[in-house]
Amino acid sequence: MLNRLDTVLTQIRHRCRSLTEGREWTRKTAIIAAAGAIVLAGSTALTFLGGETDPSQQQAALSISETPDVKAVTAKARARVAGGRLSAPVITLPAVTRSMSDDTFYAVVENAIDIAGEDRLAKRFSKLSEEQIARERQCLAEAIYFEARSEGAKGKLAVAEVVLTRVADKRYPRTICGVVYQGAHLATGCQFSWTCDGLSDIPREKAAWDRSRALAAYVMLDVKWEEVTGKATHYHADYVAPYWAPTLEETATVGKHVFYRWGNRKPAKPAPLQDS
């Protein structure tokens with residue numbers, strides 16, 4: 001393997017010399033070609049250090065974020081970013097849609113967080129301290145997890161939408177934690193039952209918790225995703241019939257939850273959204 005590396009490096013040196021000496025080659029062309037040769041050397045060196053890689057293993061290790069549909073969404077977003085990752089306008093971040101599979105959905109979420117960078121939340125919530133932002137994200141992740149950990153991606157997004165819609169509604173507390181834990185100190189009257197049921201609030205399912213945390217960070221970035229609940233402020237499981245349901249306007253069914261918002265109109269019942 002050392003001989004192979006030496007051979008490649010020798011070839012690179014000769015190729016760069018021939019490129020720079022030839023009259024028909026411009027200096028710019030020579031620099032580009034030399035850069036390509038350096039990349040080739042780096043690739044060969046990595047192969048040497050890590051050993052030969054089985055092509056089948058490379059294919060198996062290909063992450064969902066490298067699939068064409070996800071790469072297309074991300075590439076389109078990155079192409080519109082000007083002045084660096086952290087200065088990107090909100091609309092440049094990849095957005096999830098209702099038609100995406102769960103794998104694609106979560107890959108887009110992770111890619112958007114990566115593009116946004118670590119400082120994006122701090123810039124958006126500039127009036128909050130780093131600790132307060134972390135707490136807001138934690139509260140939203142807890143709501144997503146405990147309300148919808150067995151739901152698919154769109155079912156989790158639906159819960160997040162309800163929390164954020166309430167934050168924007170003057171009838172509710174003005175913070176995420178305030179909305180999530182509203183009435184939690186009461187034996188009855190809590191807005192989310194898991195906050196006052198007396199059970200442990202420690203997440204036990206790592207995969208569901210990791211996805212809940214990622215989704216919480218994603219929606220806090222204010223990405224213009226395709227909404228699934230129609231600005232809903234309420235929801236219930238599809239196997240119960242709460243007394244308040246007839247007083248509100250039904251907006252959507254996502255997974256095993258039925259969603260509602262304030263209003264007096266009586267629209268036609270919307271078609272359920274199948275949550276994968």
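Here, residue 1 is the first one in the sequence, and each next residue gets the next number. Remember, predicted model here, so these are calculated numbers, not experimental data.
Summarising the geometry, atom CD belonging to Gln138 is positioned 14.5 Å from atom CD1 belonging to Ile133; distances are rounded to the nearest 0.5 Å. How far CD1 of Ile115 is from CG of Leu221: 10.5 Å, rounded to the nearest 0.5 Å. For the atom pair OG1 of Thr233 and CD of Glu161, the computed distance is 12.5 Å after rounding to the nearest 0.5 Å. With rounding to the nearest 0.5 angstrom, the CG atom of Leu128 is 9.0 Å from the CD1 atom of Ile176. Atoms CD and CG, from Glu130 and Leu121 in turn, are 10.5 Å apart once rounded to the nearest 0.5 Å. If you take CZ on Arg98 and CG on Leu157, they are separated by 10.0 Å, rounding to the nearest 0.5 Å.
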Quick one: do Val167 and Thr175 satisfy side-chain contact (heavy atoms from CB on, under 4.5 Å)? Show the steps, please. CA-CA 6 Å; Val167 172; Thr175 66; over 6 Å; no
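Tyr239 and Val258 fall into different hydrophobic clusters, defined by Ile, Leu, Val, Met, Phe, Trp and Tyr side-chain heavy atoms under 4.5 Å apart, directly or through other members.
When the side-chain hydrogen bond (donor to acceptor under 3.5 Å, both in side chains) test is applied to Asp210, the partners found at least two apart in sequence or on another chain are Lys206. Annotation: side-chain hydrogen bond (donor to acceptor under 3.5 Å, both in side chains) contacts of Tyr260 (sequence neighbours excluded): His236. Applying the side-chain hydrogen bond (donor to acceptor under 3.5 Å, both in side chains) test to Thr97 and every residue at least two apart in sequence or in another chain returns Ser99. Asp201 meets the salt bridge (Lys or Arg N to Asp or Glu O under 4.0 Å) test with no other residue; sequence neighbours excluded. Residues that satisfy the ring-ring contact (aromatic ring centres under 6.0 Å, His included) test with His234, not counting sequence neighbours, are Trp244, Trp262. Judged as a ring-ring contact (aromatic ring centres under 6.0 Å, His included), and not counting sequence neighbours, the contacts of Tyr235 are His257, Phe259. Residues satisfying the side-chain hydrogen bond (donor to acceptor under 3.5 Å, both in side chains) test with Lys170, not counting sequence neighbours, are none. Under the ring-ring contact (aromatic ring centres under 6.0 Å, His included) criterion, Phe146 pairs with Trp194, not counting sequence neighbours.
Salt-bridge check for Glu151 with Lys156: failed, with every basic side-chain N at 4.0 Å or more from each acidic carboxylate O.
In this structure, Arg213 and Ile144 have side chains that are not in contact, with every pair of non-hydrogen atoms separated by 4.5 Å or more.
Closest non-hydrogen pair, Pro242 versus Pro246, comes out as O-CD, 3.8 Å. Considering every non-hydrogen atom in both Glu250 and Thr253, the closest pair reads OE2-OG1, 3.8 Å. Here the shortest heavy-atom pairing between Ala153 and Tyr106 reads CA-OH, 3.4 Å. Here the closest non-hydrogen pair linking Ala216 and Ala141 is CB-N, 3.8 Å. Between Thr195 and Cys190, the shortest heavy-atom distance links the atoms OG1-CB, 3.5 Å. Across every non-hydrogen atom of Pro94 and Val108, the tightest pair is CB-CG1, 3.7 Å.
Of the possible donor and acceptor atoms, none in the side chain of Thr104 sits under 3.5 Å from a partner among the backbone N and O of Ser101. Using a distance-only test at 3.5 Å, with no hydrogens or angles considered, a donor-acceptor pair links the side chain of Arg261 to the main chain of Gly230.
Sequence neighbours left out, the pairs with a member in residues 133-150 that pass salt bridge (Lys or Arg N to Asp or Glu O under 4.0 Å) are Arg149-Glu205. The ring-ring contact (aromatic ring centres under 6.0 Å, His included) pairs that include a residue from residues 199-226 are Tyr145-Trp209, where partners are two or more places apart or lie in different chains. For residues 107-142, no residue pair satisfies the ring-ring contact (aromatic ring centres under 6.0 Å, His included) rule, not counting sequence neighbours. The stretch residues 229-241 participates, sequence neighbours left out, in these salt bridge (Lys or Arg N to Asp or Glu O under 4.0 Å) pairs: Glu227-Lys231.
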